[in-house]
Student: 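Quick one: the structure is below, questions incoming.
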Amino acid sequence: MTSSNSSNSTFTTRSAFVSIALGCLSLAIGLQAGPKSWLGRIGAFLLLIAFAGLIVTALFPTNLETAPPTQTGNIHTISLLVNVASIFISTLCLAFSYGGSLDWRQHRTPALIFAGLLAFAFVAQFMTLHRGAPYGITNRLFVAVLRTWLISNSLCLRVVTGRRHQSES
């Protein structure tokens, strides 16, 4: 691979981490209008942790598969694990918090389905962490499910806040 392709790949990868980080930040901010339960607050707080962690992940490149481990690669790996845990626990907290709010109750089942899909995608990704496995495919599956979850929750937030504004008018 040429250095031009390598730098394009690095830029694309870092952009993806920053994009997901901004999605987590935006949803966490938007959820200030979300469920007021402690589960809802924990879910939003965990998205803030994921935001910070994803920025760290973007700044520190991963270890190359054939090279010895590096400090930056280790930081990348640790922050990525914290991010995944934060996001997954957030999906569960938010899904269960939706059930306790009249405005959000109808969004609970889709949120639980996405939590299950995210868990499946993570397990699939984890199972391919060895040479010769289709890690790139499972990694993209995880990212696609995560982005879809962010968008789904954002759309739910828009519907709920839209209804609130209409009832206040």
Side-chain angles (χ1 to χ4, degrees), residues 1-32 34-35 37-97 111-154 157:
M1 183 179 328
T2 66
S3 62
S4 148
N5 286 341
S6 178
S7 65
N8 286 341
S9 175
T10 301
F11 175 77
T12 302
T13 302
R14 288 183 177 178
S15 297
F17 284 122
V18 170
S19 169
I20 294 172
L22 293 173
C24 289
L25 176 64
S26 298
L27 184 57
I29 291 169
L31 283 170
Q32 296 309 306
S37 68
W38 62 274
L39 279 174
R41 298 291 182 202
I42 290 171
F45 178 73
L46 288 170
L47 287 174
L48 293 174
I49 291 173
F51 161 73
L54 285 160
I55 296 298
V56 169
T57 303
L59 293 174
F60 292 91
T62 189
N63 288 319
L64 297 176
E65 188 176 331
T66 57
T70 63
Q71 190 66 22
T72 61
N74 293 339
I75 292 170
H76 178 92
T77 300
I78 291 168
S79 69
L80 189 62
L81 292 173
V82 169
N83 303 338
V84 169
S86 296
I87 290 168
F88 181 67
I89 295 168
S90 175
T91 64
L92 292 174
C93 287
L94 291 172
F96 287 118
S97 75
L112 285 171
I113 290 169
F114 272 111
L117 288 172
L118 202 58
F120 171 79
F122 175 73
V123 169
Q125 183 176 358
F126 185 77
M127 299 300 289
T128 60
L129 289 176
H130 55 84
R131 283 203 177 120
Y135 178 77
I137 294 169
T138 58
N139 180 261
R140 283 163 183 78
L141 172 67
F142 180 80
V143 170
V145 171
L146 175 56
R147 286 179 180 237
T148 306
W149 176 80
L150 286 167
I151 292 167
S152 171
N153 278 275
S154 298
L157 180 63

Student: Enter the distance from L59:CG to S79:OG here, rounded to the nearest 0.5 Å.
Tutor: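 Here the interatomic distance stands at 9.0 Å.
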
Student: Between OG of S97 and CG of L31, what distance do you get to the nearest 0.5 Å?
Tutor: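 The OG atom of S97 sits 8.0 Å away from the CG atom of L31.
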
Student: Pick out which of T91, L146, N153, T148 makes a side-chain contact (heavy atoms from CB on, under 4.5 Å) with F114.
Tutor: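 Single side-chain contact (heavy atoms from CB on, under 4.5 Å) partner of F114 among T91, L146, N153, T148: T148.
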
Student: Start with the C-alpha gap between L54 and V18, add the side-chain angles, then the distance that decides, and say whether side-chain contact (heavy atoms from CB on, under 4.5 Å) holds.
Tutor: CA-CA 7 Å; L54 285 160; V18 170; over 6 Å; no

Student: Taking atom CG of L94 and atom CZ of R41, what is their separation to the nearest 0.5 Å?
Tutor: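 Taking CG in L94 and CZ in R41, the distance rounds to 11.0 Å.
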
Student: How far apart are the C-alpha atoms of F122 and T138, what are their side-chain angles, what is the distance that settles it, and do they pass the side-chain contact (heavy atoms from CB on, under 4.5 Å) test?
Tutor: CA-CA 8 Å; F122 175 73; T138 58; over 6 Å; no

Student: So, for A95 and L112, which heavy atoms are closest and what is the spacing to 0.1 Å?
Tutor: CB-CD2, 3.6 Å

Student: Can L27 and W149 be said to form a side-chain contact (heavy atoms from CB on, under 4.5 Å), step by step?
Tutor: CA-CA 11 Å; L27 184 57; W149 176 80; 4.1 Å; yes

Student: Got a sec, which residues hit ring-ring contact (aromatic ring centres under 6.0 Å, His included) with F17, two or more places apart in sequence or on another chain?
Tutor: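 F17: ring-ring contact (aromatic ring centres under 6.0 Å, His included) contacts with H76.
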
Student: Taking all non-hydrogen atoms of both residues, which atom of R14 and which atom of P61 are closest, and how far apart?
Tutor: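 Minimum heavy-atom contact is NH2-CD, 3.5 Å.
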
Student: Which heavy atom in I55 sits nearest to a heavy atom in A21, and how many Å separate them?
Tutor: CD1-CB, 3.9 Å

Student: Roughly how far, to the nearest 0.5 Å, is OG1 of T57 from CG of N83?
Tutor: 4.0 Å

Student: Using side-chain heavy atoms (C-beta onward) and a distance below 4.5 Å, is F142 in contact with V84?
Tutor: yes

Student: Answer yes or no: are there more than 12 heavy-atom neighbours, outside I137 itself, under 6.0 Å from its atom CD1?
Tutor: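 Not more than 12 within 6.0 Å, no.
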
Student: Going from SG on C24 to CG on L46, what distance comes out if it is rounded to the nearest 0.5 angstrom?
Tutor: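 Rounded to the nearest 0.5 Å, the SG-CG separation comes out at 10.5 Å.
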
Student: Between A28 and L47, which heavy-atom pair has the shortest distance, and what is it?
Tutor: CB-CB, 3.9 Å

Student: Hey, what do you get for CD1 (I29) to CZ (F51), rounding to the nearest 0.5 Å?
Tutor: 8.0 Å

